[in-house]
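Each remark here refers to the structure printed beneath this line.
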Amino acid sequence: MMAWNTKASMKRLLIVKAFLILTLCLEYGGGQKKKENLLSEKVEQMMEWSSRRSVIRMNGDKFRRLVKAPPRNYSVIVMFTALQPQRQCSVCRQANEEYQVLANSWRYSSSFSNKLFFTVVDYDEGADVFQQLNMNSAPTFMHFPAKGKPKRADTFDLQRIGFAAEQLAKWIADRTDVHIRVFRPPNYSGTIALALLVSLVGGLLYLRRNNLEFIYNKTGWAMAALCVVFAMTSGQMWNHIRGPPYAHKNPQNGQVSYIHGSSQAQFVAESHIILLLNAAITMGMVLLNEAATSKGDVGKRRIICLVGLGLVVFFFSFLLSIFRSKYHGYPYSFLIK
């Protein structure tokens, strides 16, 4: 009798277990189906917005629902910016132009897919997002991967690399394996400027066709050569390639930095400062040479020599101090530390 009861109990237990397993399978299947439907809706929504404009504008709710919340099988590039006129963020507008070029290049490329989307969160439309991410500067570019949370490398190093579309595309390729070939709209300003320059020079030569001695003016050619040298040695070509900001304003204390603290980057204002310092040093050297080679009044030559020496000493010391501030650990200084 007891054996029969034991068998009946075991049978009921097996039935209960089978029922529980079946219930769990149904619930898991239903949850999985619901998850797939939600993911499909999110991808469809993102594709619809992306078909209207290459960069999707987002507020706090859209960001949390479509970028932060799972499920998600697509990567999202987000530019956090402040484009409203009252924010007076000129760097934000420049970065936005490059971002639009990159997003359009992806949107209209043959490899476009639903694996990558470009979005933007403006501070005036999503201040809560900035607070949620403890973000206190703009513009900032972040990559939100399809799986997992963003890592340190998923934040674009804007200060060191600049915000050119080509640099952003390279960073995206490193983070997502999506390669974007940047296509820029035709820009005829350079061609027009060159045509105007050629016309101006041609017109000048035509008007002075009977007297072309100015072409052999050594001083004129020397000044032109120095202008080119100053532009190149101050980093103007680097600025043209990398597109760095003009300066940096600390959002916490409002202090503006015109000199970048790293040897791997620079600001546009820094290039202008270096150009002026090199010009001042060159002027001092010219005055020293003039004082040594001229045959005028001794007193006048002495004054020219002192002025030239002062220019070289002071501005070279200033230039060396900037070098020390960028190359930390450089041991030498002169007058200005």
Side-chain angles (χ1 to χ4, degrees), residues 77-102 120-124 127 130-131 133-142 152 155-168 170-171 187 189 227-282 314-330 333 335-337:
I77 306 298
V78 184
M79 180 178 73
F80 298 93
T81 186
L83 295 173
Q84 297 300 320
Q86 65 268 23
R87 300 299 174 186
Q88 298 181 354
C89 182
S90 59
V91 178
C92 294
R93 291 191 291 273
Q94 297 171 14
N96 182 62
E97 292 176 0
E98 292 294 309
Y99 193 58
Q100 292 288 342
V101 169
L102 178 61
V120 60
V121 177
D122 194 286
Y123 180 80
D124 292 283
F130 280 74
Q131 295 175 0
L133 299 176
N134 295 321
M135 193 171 297
N136 53 16
S137 64
T140 300
F141 297 93
M142 285 189 66
R152 183 175 182 179
T155 299
F156 183 67
D157 192 350
L158 180 69
Q159 299 296 332
R160 185 176 66 87
I161 304 176
F163 48 72
E166 290 77 8
Q167 297 298 327
L168 286 168
K170 183 179 179 181
W171 168 67
N187 186 358
S189 59
C227 290
V228 174
V229 170
F230 291 153
M232 295 299 106
T233 55
S234 64
Q236 294 296 333
M237 187 57 68
W238 192 93
N239 294 340
H240 179 73
I241 296 172
R242 297 296 184 89
Y246 186 81
H248 175 69
K249 183 177 182 180
N250 192 318
Q252 297 179 351
N253 54 25
Q255 183 178 359
V256 180
S257 299
Y258 298 101
I259 306 295
H260 200 285
S262 170
S263 62
Q264 302 297 320
Q266 68 179 20
F267 299 130
V268 175
E270 182 178 337
S271 299
H272 297 164
I273 294 172
I274 299 300
L275 188 150
L276 294 175
L277 292 178
N278 286 334
I281 294 171
T282 303
F314 178 77
F315 288 107
F316 180 78
S317 178
F318 193 5
L319 186 65
L320 186 61
S321 69
I322 294 177
F323 183 85
R324 292 184 73 246
S325 69
K326 295 178 69 66
Y327 289 83
H328 305 285
Y330 186 76
S333 63
L335 293 184
I336 303 175
K337 293 184 178 182

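Computed from heavy atoms alone, side chains included, the values below leave out hydrogens, waters and symmetry copies.
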In Å and rounded to the nearest 0.5 Å, what is the [atom1] to [atom2] distance from [X] to [Y]?
X    : Y    : atom1 : atom2 : value
F315 : T282 : CZ    : OG1   : 11.5 Å
F141 : L168 : CZ    : CG    : 5.0 Å
F318 : F323 : CZ    : CZ    : 15.5 Å
M232 : L275 : CE    : CG    : 10.0 Å
I281 : L319 : CD1   : CG    : 5.0 Å
Q266 : I273 : CD    : CD1   : 11.0 Å

Open item on the list: Quick check against the 3.5 Å criterion: does S271 have a side-chain atom that pairs as donor or acceptor with the backbone of Q236?
Closed with: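 Looks like no, no N/O pair under 3.5 Å.
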Query raised in the report: Are the side chain of E98 and the backbone of A165 linked by a donor-acceptor contact shorter than 3.5 Å?
Result: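 Confirmed, E98 side chain pairs with A165 backbone.
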Notebook entry, point to check: Got a sec, which residues hit side chain to side chain donor-acceptor pair (under 3.5 Å) with R93, two or more places apart in sequence or on another chain?
Noted result: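 R93 satisfies side chain to side chain donor-acceptor pair (under 3.5 Å) with no residue once adjacent residues are dropped.
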Per the salt bridge (Lys or Arg N to Asp or Glu O under 4.0 Å) rule, what does the pair list look like for residues 254-282, sequence neighbours excluded?
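Passing the test, one end in residues 254-282: E270-K326.
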List the atom of [X], the atom of [Y], and the distance in Å for their closest heavy-atom pair.
X    : Y    : result
V256 : Y258 : CG1-CZ, 3.7 Å
G162 : F156 : O-CE2, 2.9 Å
Y99  : I77  : OH-O, 2.9 Å
S234 : A231 : OG-O, 3.0 Å
L277 : I322 : CD1-CD1, 3.7 Å

Are H272 and Y246 close enough that their ring centres sit under 6.0 Å apart?
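That pair passes the under 6.0 Å test.
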Do P139 and N96 come close enough that some side-chain heavy atom pair is under 4.5 Å?
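They are not in side-chain contact.
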#### Entry: Side chain to side chain, T233 and N278, heavy atoms closer than 4.5 Å
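Result yes, sub-4.5 Å side-chain heavy-atom pair found.
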Test log, rule side-chain contact (heavy atoms from CB on, under 4.5 Å), inputs F267 and N239 = CA-CA 8 Å; F267 299 130; N239 294 340; over 6 Å; no
Could you list the donor-acceptor pairs under 3.5 angstrom formed between side-chain atoms of residues 78-87 and any protein atom two or more places apart in sequence or on another chain?
{"residue": "R87", "atom": "NE", "partner": "D124", "partner atom": "OD1", "Å": "3.4"}
{"residue": "R87", "atom": "NE", "partner": "D124", "partner atom": "OD2", "Å": "3.2"}
{"residue": "R87", "atom": "NH2", "partner": "D124", "partner atom": "OD1", "Å": "2.7"}

message = Which label fits Y123 and F130: parallel for a plane angle under 30°, tilted from 30 to 60°, or perpendicular past 60°?
response =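 Ring orientation, 0 to 90° scale: perpendicular.
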Notebook entry, point to check: Got more than 12 heavy atoms from elsewhere within 6.0 Å of CZ, F230?
Noted result: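 Enclosed: over 12 neighbouring heavy atoms sit under 6.0 Å from CZ of F230.
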